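Here is the structure we will look at.
Every value quoted in this text rests on a predicted model; they were computed, and no experiment measured them.
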Amino acid sequence: MSQQPHSDHHADAHTSHDAGHDDPGGYHATVKGYVQGFLLSVILTAIPFWLVMAKVLPTPGITAAVILLLAAVQIVVHMVYFLHMGPKVEGGWSLLALIFTGAVLAIMLSGSIWVMYHLNTNMMPVGTAAHRMQEAP
């Protein structure tokens, strides 16, 4: 009865386990990447706070537009630095799923707004219809 030494079997299992971590297309998180993402997130949070508190921009509409733009940038920062989404991760499938989700969300939101707008403009108010019937000869 031949037995392999325990250390040889463990070394073979460890080598095959580490082979999956050498994926050249995968993302490997680093402390530097997390710190960069955190600093960018703090900056992208502090700027809108400063814009609102100091009333830097002339109108609230412009301030809101800038805040929405910075929010979109912060979403991208979170996806890249913390969720590790990119074109090379998982063969690009996670990025493709995100793009598809964004497209479906844009279609649903714009369609809902369009339907609500047209329902509002095309519906006759109840008070006006009753008033017109009373004035009819």
Side-chain angles (χ1 to χ4, degrees):
M1 182 173 185
S2 66
Q3 281 186 319
Q4 285 185 326
H6 180 68
S7 61
D8 288 343
H9 177 69
H10 181 68
D12 291 339
H14 187 61
T15 304
S16 65
H17 177 71
D18 286 344
H21 293 291
D22 295 332
D23 181 20
Y27 181 85
H28 298 287
T30 62
V31 174
K32 180 183 174 185
Y34 283 121
V35 170
Q36 286 175 344
F38 175 73
L39 291 175
L40 284 171
S41 296
V42 168
I43 291 168
L44 290 169
T45 301
I47 291 172
F49 182 79
W50 170 71
L51 289 174
V52 170
M53 295 306 289
K55 297 183 181 175
V56 176
L57 298 174
T59 65
I62 295 173
T63 304
V66 171
I67 289 173
L68 287 175
L69 178 69
L70 290 171
V73 172
Q74 191 167 37
I75 289 171
V76 172
V77 166
H78 282 258
M79 288 189 312
V80 170
Y81 285 96
F82 301 119
L83 297 177
H84 313 299
M85 296 184 92
K88 294 181 180 178
V89 176
E90 295 180 7
W93 284 107
S94 60
L95 185 62
L96 185 63
L98 176 69
I99 291 169
F100 179 73
T101 302
V104 169
L105 186 63
I107 291 169
M108 289 177 60
L109 285 174
S110 61
S112 296
I113 291 170
W114 181 76
V115 166
M116 287 186 286
Y117 172 78
H118 285 285
L119 281 174
N120 187 36
T121 57
N122 293 330
M123 295 294 290
M124 186 183 318
V126 175
T128 305
H131 182 66
R132 284 183 188 161
M133 290 179 74
Q134 289 175 353
E135 293 180 354

Anything under 3.5 Å between a donor and an acceptor, one on a side chain of residues 100-107, the other on a protein residue two or more places apart or in another chain? List them.
residue : atom : partner : partner atom : Å
T101    : OG1  : A97     : O            : 2.8

(message) Starting from L69, can I reach V66 by hopping between I/L/V/M/F/W/Y residues whose side chains sit under 4.5 Å apart?
(response) no
(message) Is there a continuous path of hydrophobic side-chain contacts, each under 4.5 Å between heavy atoms, that joins I62 to L68?
(response) no
(request) First locate atom CG of L98, then atom CG of L83, and finally report the distance between them rounded to the nearest 0.5 Å. (result) 9.5 Å
(message) Quick test of your reading: applying side chain to side chain donor-acceptor pair (under 3.5 Å), list the pairs with at least one residue in residues 59-73, sequence neighbours left out, ordered by first then second residue.
(response)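 Found none.
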(message) Taking transitive links into account, so neighbours of neighbours count too, which hydrophobic residues share a cluster with Y117 at under 4.5 Å side-chain distance?
(response) none
(request) List for me each residue that meets ring-ring contact (aromatic ring centres under 6.0 Å, His included) alongside F82, sequence neighbours excluded, and say none if there are none. (result) H78
Quiz: residues 43-58 side-chain donor-acceptor pairs under 3.5 angstrom, not counting sequence neighbours:
residue : atom : partner : partner atom : Å
T45     : OG1  : S41     : O            : 2.8
T45     : OG1  : Q74     : NE2          : 3.0

(message) List the residues meeting side-chain contact (heavy atoms from CB on, under 4.5 Å) with L96, not counting sequence neighbours, and say none if there are none.
(response) W93
(message) Tell me the closest heavy-atom pair linking M85 and S94, and the distance in Å.
(response)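 Scanning both residues completely, I find the closest heavy atoms to be CE-O, 3.2 Å.
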